[in-house]
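One structure below.
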Amino acid sequence: MINLKLLKENPEIIRQAVKNRSENLDLDEIIELDKLRRTGITKIQNLKKERNEISEKVGKLKQQGKNPQELMEKARDLSNTTKDSEKKQREIEDRFTKAVQWIPNIPHESVPIGKGSEENQFIRGLKEPPKSDFHVLTHWEIAEALDILDIKRAPKISGSRFILYKGLGAKLERALINFFLDLHTKKHGYIEIFPPVLNPTHCLYGTGQLPKLEDDMYKCRDDDFYLSPTAEVPLTNIHRDEIIPEKKLPICYAAYTPCFRREAGSYGKDVRGIKRVHQFNKVELVKYTKPENGYEDFEKLLSDAEEATKLLGLPYRIKVLCTSDMTFASSKTYDIEIYAAGMKEWLEVSSVSIYEQYQARRANIRYRKNEGDVDFVYTMNGSGLATPRVFIAILENYQTKHGQIKIPEVLRSYMDGQEFIG
RNA sequence: GGAGAGGUGUCCGAGCGGCCUAAGGAGCACGAUUGGAAAUCGUGUAUUUAUCGAAAGGUGGAUCGUGGGUUCAAAUCCCACCCUCUCCGCCA
């Protein structure tokens, strides 16, 4: 949630942000609603004040053994008017709360203003994809040849866009997860978490997936749960409704979880292989920090994720997303992309975002400064990394001309020392 | 799923219709004492929101699991829901 004071004091900032993000939003309606809401609050508070004063008098008189009939009647009338007003007020507040959820975050000033992915800016990494001196098979071709993915049978179990890892494929997947977790917990100092991935509605509002991404998630029919689309949801909600002492910040969590996405609206796109699937594995990094350290910690989070790609020896590049390409709750987002030599495509393996106080406001996560003041924390997160695309990149970039896959050195200890698949 | 007990401030814990801006204790912060510390004593110790103010701050409202209700008045009474614990049943 944005700072609601902006609605009253500086709506132009919001208007500009909405425009830069190419979002469609009737801000004037929300501003009007806010005004209506505030006058309503003032009115009700005055009524209550009067009622409280009378009640107090009544109490005193009764203790003196009197029966202040008239005062009681007056108070009853006041009470009834108040209740009527409150009913109306509740409706307004409801509408307001819902509407406010649709206001996106304000982009950071360093974010390029742009309308689409062409306007994302290259930050660092490879400018050109590396060349290979033989014909590189796509991951689905070589995976089938080596029998490490069962692409034909996965649909029998769950339908299209699901992955069935098999044999050394399954082992490689597990190796990746362990490698990522070890890297971030042992070397980068994150605390490992293994959270539940069925999360209730309010958690998804907290992190900003709802209301906008309703159609992109799986919802349980009989219970109020969504299958978490990312560990960002449980990890950020760990400290919901808390006031964290300043000395405990920053808090850094790393978690492996499966992630579930409906991929609605992508029918017919990326249907081959395992690039776009409904269930995938990811190690997610989440940090809670003090505002003044926010952007410094954010850069560090990016480099923590980047290091995973580096250690795997995969060709990568990093971009900063322009205003229209960022997710709705983000102030600034970097994407790490790795090159897949078989598909001849750059694949997004990590999206690193800072939300400033946007999520913290929604989820009510605050910290107490050493001096005693309370303020919202900054939250940020990034994949470190998402496995299917890393898996693709290993199959396509570590391929030999004899149709084998060389296992990246950092993974070998997780693969019983094995050097090759095939 | 059934039966029972309970959810109060940072924590423990009292309160069971008006004086609750929540007793008492612990913790924490500051001060006194001390050569220094412990102990002791003193002082302070929530959040949120509306409004006025440049700000410091002032004036109100709200908050005792959540949401309704009764009442002039609710932490306290009633209803529903959520969570925790104990026992029973069922089940990986």
Side-chain angles (χ1 to χ4, degrees), chain A residues 1-11 30-101 194-206 220 222-226 234 237-249 251 258 288 357-377:
Chain A
M1 201 182 339
I2 54 142
N3 186 346
L4 292 182
K5 281 206 180 103
L6 282 178
L7 270 181
K8 193 176 104 182
E9 290 163 11
N10 226 331
I30 300 177
I31 292 170
E32 278 312 306
L33 214 47
D34 184 39
K35 278 186 195 154
L36 201 61
R37 178 186 140 256
R38 278 186 286 107
T39 47
I41 290 173
T42 310
K43 188 179 148 202
I44 288 170
Q45 287 184 352
N46 288 336
L47 284 169
K48 281 194 176 170
K49 186 190 170 194
E50 205 180 328
R51 188 211 58 189
N52 287 349
E53 284 166 358
I54 296 177
S55 285
E56 208 174 312
K57 271 186 212 154
V58 170
K60 284 196 181 123
L61 289 169
K62 282 218 166 188
Q63 267 166 0
Q64 294 165 18
K66 292 177 186 157
N67 186 21
Q69 201 64 36
E70 257 175 61
L71 279 181
M72 279 166 71
E73 269 163 35
K74 196 175 170 199
R76 188 182 307 141
D77 287 347
L78 271 174
S79 214
N80 288 337
T81 338
T82 311
K83 271 173 196 161
D84 287 346
S85 304
E86 274 179 320
K87 204 172 264 176
K88 278 180 213 147
Q89 185 69 10
R90 224 172 287 155
E91 260 171 58
I92 295 168
E93 294 281 354
D94 263 14
R95 273 167 61 204
F96 178 73
T97 317
K98 282 198 184 107
V100 159
Q101 302 281 348
F194 205 160
V197 295
L198 283 175
N199 306 122
T201 303
H202 60 265
C203 283
L204 288 126
Y205 271 101
C220 291
D222 292 334
D223 296 289
D224 177 32
F225 285 128
Y226 287 86
N237 277 287
I238 290 176
H239 295 289
R240 198 184 62 239
D241 294 323
E242 283 186 21
I243 300 177
I244 303 164
E246 175 171 344
K247 59 175 188 256
K248 295 221 169 138
L249 295 175
I251 296 174
Y288 303 70
Q357 297 179 320
Y358 190 89
Q359 285 183 331
R361 276 205 191 84
R362 285 186 168 223
N364 195 26
I365 310 166
R366 293 170 293 172
Y367 76 107
R368 190 183 303 279
K369 296 179 197 174
N370 294 334
E371 316 89 73
D373 292 350
V374 170
D375 195 10
F376 292 103
V377 298

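Every chain is numbered from 1 and lettered A, B, ... according to where its sequence line falls, protein lines coming before strand lines. Below, all heavy atoms of this structure are taken into account, side chains as well, without hydrogens, waters or symmetry copies.
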- Message: Holding to salt bridge (Lys or Arg N to Asp or Glu O under 4.0 Å), I want the full list of residues that pass it with A/Glu53, two or more places apart in sequence or in another chain.
- Response: none
- Message: Taking the nucleotide of RNA chain B with the nearest heavy atom to each, does A/Asn46 or A/Leu71 sit closer to the 5' end?
- Response: A/Asn46
- Task: For B/G69 and B/C85, measure between their C1' atoms and round to the nearest Å.
- Result: 29 Å
- Tell me the partner of B/C81, counting only Watson-Crick (N1-N3 plus N6-O4 or O6-N4) or G-U wobble (N1-O2 and O6-N3) with both under 3.5 Å; none if nothing fits. B/G65
- Please measure how far the P atom in B/A14 lies from the corresponding atom in B/A23, and state the result in whole Å. 14 Å
- Note on the structure: The residue, A/Thr39 or A/Ile44, whose nearest nucleotide of RNA chain B is more 5′ is A/Thr39
- Query: Partner of B/C41 by Watson-Crick or G-U wobble geometry, both contacts under 3.5 Å, or none?
  - Reply: B/G31
- Gap in Å between the two C1' atoms, one belonging to B/G57 and one to B/A39, rounded: 39 Å
- Task: Take atom C1' in B/G24 and the same atom in B/C30, then report the distance between them in whole Å.
- Result: 23 Å
- Message: My understanding is that a pair needs two contacts under 3.5 Å, Watson-Crick or G-U wobble. By that rule, which nucleotide pairs with B/U10?
- Response: B/A26
- P-based separation of B/U76 from B/G67 [nearest Å]: 13 Å
- Message: Short of 4.0 Å, heavy atom to strand atom, which residues of residues 1-10 of chain A count as contacting RNA chain B?
- Response: A/Lys8
- Item | Counterpart residues, salt bridge (Lys or Arg N to Asp or Glu O under 4.0 Å), relative to A/Lys35 (two or more places apart) | A/Glu32
- Message: For residues 238-247 of chain A, which residue pairs pass the side-chain hydrogen bond (donor to acceptor under 3.5 Å, both in side chains) check, not counting sequence neighbours?
- Response: A/His202-A/Arg240, A/Asn237-A/Arg240, A/His239-A/Glu242, A/His239-A/Tyr253, A/Asp241-A/Asn364, A/Glu246-A/Lys290
- Message: Categorize A/Ile41 for me: base, sugar-phosphate, or nothing, with a 4.0 angstrom heavy-atom threshold over every strand shown.
- Response: sugar-phosphate
- Task: Searching all strands shown, indicate the nucleotide that pairs with B/G53 (Watson-Crick or G-U wobble; both distances under 3.5 Å).
- Result: none
- Query: With sequence neighbours excluded, what pairs up with A/Asp77 under the salt bridge (Lys or Arg N to Asp or Glu O under 4.0 Å) test?
  - Reply: none
- Item | Touch class at under 4.0 angstrom, heavy-atom based, for A/Lys62 against every strand present | base
- B/U84 versus B/G25 - spacing of their P atoms, nearest Å: 33 Å
- Query: If the C1' atom of B/U8 is compared with that of B/U63, how far apart are they to the nearest Å?
  - Reply: 12 Å
- Task: Quick one: look up who B/C90 pairs with, Watson-Crick or G-U, both distances under 3.5 Å, and put none if it's unpaired.
- Result: none
- Item | Validation row: A/Tyr367, A/Val374 side chains within 4.5 angstrom (heavy atoms) | no
- Enumerate the residue pairs fulfilling salt bridge (charged side-chain N to carboxylate O under 4.0 Å, His left out) with a member in residues 89-101 of chain A, sequence neighbours excluded, ordered by first and then second residue. A/Arg37-A/Glu93
- Query: Considering Watson-Crick and G-U wobble pairs with both distances under 3.5 Å, what does B/A74 pair with?
  - Reply: none
- Item | A/Gln359 vs A/Ile365 side-chain heavy atoms within contact, under 4.5 Å | no
- Message: Can you check the distance between B/U71 and B/G17, where both ends of the measurement are the C1' atom (answer in whole Å)?
- Response: 9 Å
- Name the first nucleotide and the last nucleotide along RNA chain B (5' to 3') that come under 4.0 Å of a heavy atom in chain A. B/G18 to B/A73
- Which one is paired to B/C20, where only Watson-Crick or G-U wobble pairs with both distances under 3.5 angstrom count? none
- Message: My understanding is that only residues two or more places apart in sequence, or in another chain, count here; which of them pass side-chain hydrogen bond (donor to acceptor under 3.5 Å, both in side chains) with A/Gln63?
- Response: none
- Task: Quick one: pull up CG in A/Asn52 and CD in A/Glu50 and give me the separation to the nearest 0.5 Å.
- Result: 10.5 Å
- Item | Set of residues satisfying side-chain contact (heavy atoms from CB on, under 4.5 Å) with respect to A/Glu56, sequence neighbours excluded | A/Lys60
